[in-house]
Amino acid sequence: MTKGAISQMVKKLEKKGLVKKVRVPGNKKDVMLELTDFGREAFEWHKSLHESMEAGIRKELEGMSSSEMETFLRVYGHLERMLDRCMERYR
């Protein structure tokens with residue numbers, strides 16, 4: 001990512017109240033990013049969402065037959081290759 005893109009993203013996160021800039025002690029140029037209380041809350045919510053989704057997916061996969069799993073993996077592989085090709089266009 002470019003410095004400009006990162007700067008824009010940081011500004012958006014600041015505006016939403018998720019992060020704040022903190023000066024690095026003894027350095028007038030550099031800053032660190034710190035999660036706000038709201039940012040920590042959002043992070044924890046997002047983390048628990050992923051854990052819940054993973055548990056549900058794992059449960060579904062455990063109930064699949066071998067042939068269902070093969071079909072799923074074939075479709076998943078196709079989707080992954082499509083996403084990889086899309087990502088390559090934007091690098």
Within the distance-only criterion (no hydrogens, no angle test), does the side chain of S48 pair as donor or acceptor with the backbone N or O of W45 below 3.5 angstrom?
yes
For a quick test of your reading: what N or O donor-acceptor pairs under 3.5 Å do the side chains of residues 7-25 make, sequence neighbours left out?
{"residue": "R23", "atom": "NH1", "partner": "K28", "partner atom": "O", "Å": "3.1"}

Would you give me the side-chain donor-acceptor pairs under 3.5 Å for residues 67-75, sequence neighbours excluded?
{"residue": "S67", "atom": "OG", "partner": "S65", "partner atom": "OG", "Å": "3.3"}
{"residue": "E68", "atom": "OE1", "partner": "S65", "partner atom": "N", "Å": "2.8"}
{"residue": "E68", "atom": "OE1", "partner": "S65", "partner atom": "OG", "Å": "3.4"}
{"residue": "T71", "atom": "OG1", "partner": "S67", "partner atom": "O", "Å": "3.1"}

Pair E54 + R58, salt bridge at N-O below 4.0 Å
yes
Hey, could you give me the [atom1]/[atom2] distance between [X] and [Y], rounded to the nearest 0.5 Å?
X   : Y   : atom1 : atom2 : value
K47 : E51 : NZ    : CD    : 5.5 Å
L35 : E41 : CG    : CD    : 11.5 Å
R81 : Y76 : CZ    : OH    : 11.5 Å

Residues forming a salt bridge (Lys or Arg N to Asp or Glu O under 4.0 Å) with D37, sequence neighbours excluded:
R40
Tell me whether M64 shares a hydrophobic cluster with I57, the cluster being built from Ile, Leu, Val, Met, Phe, Trp, Tyr side chains joined at under 4.5 Å.
yes
Establish whether L33 and I6 are linked, either directly or via other cluster members, by ILVMFWY side-chain heavy-atom contacts under 4.5 Å.
yes
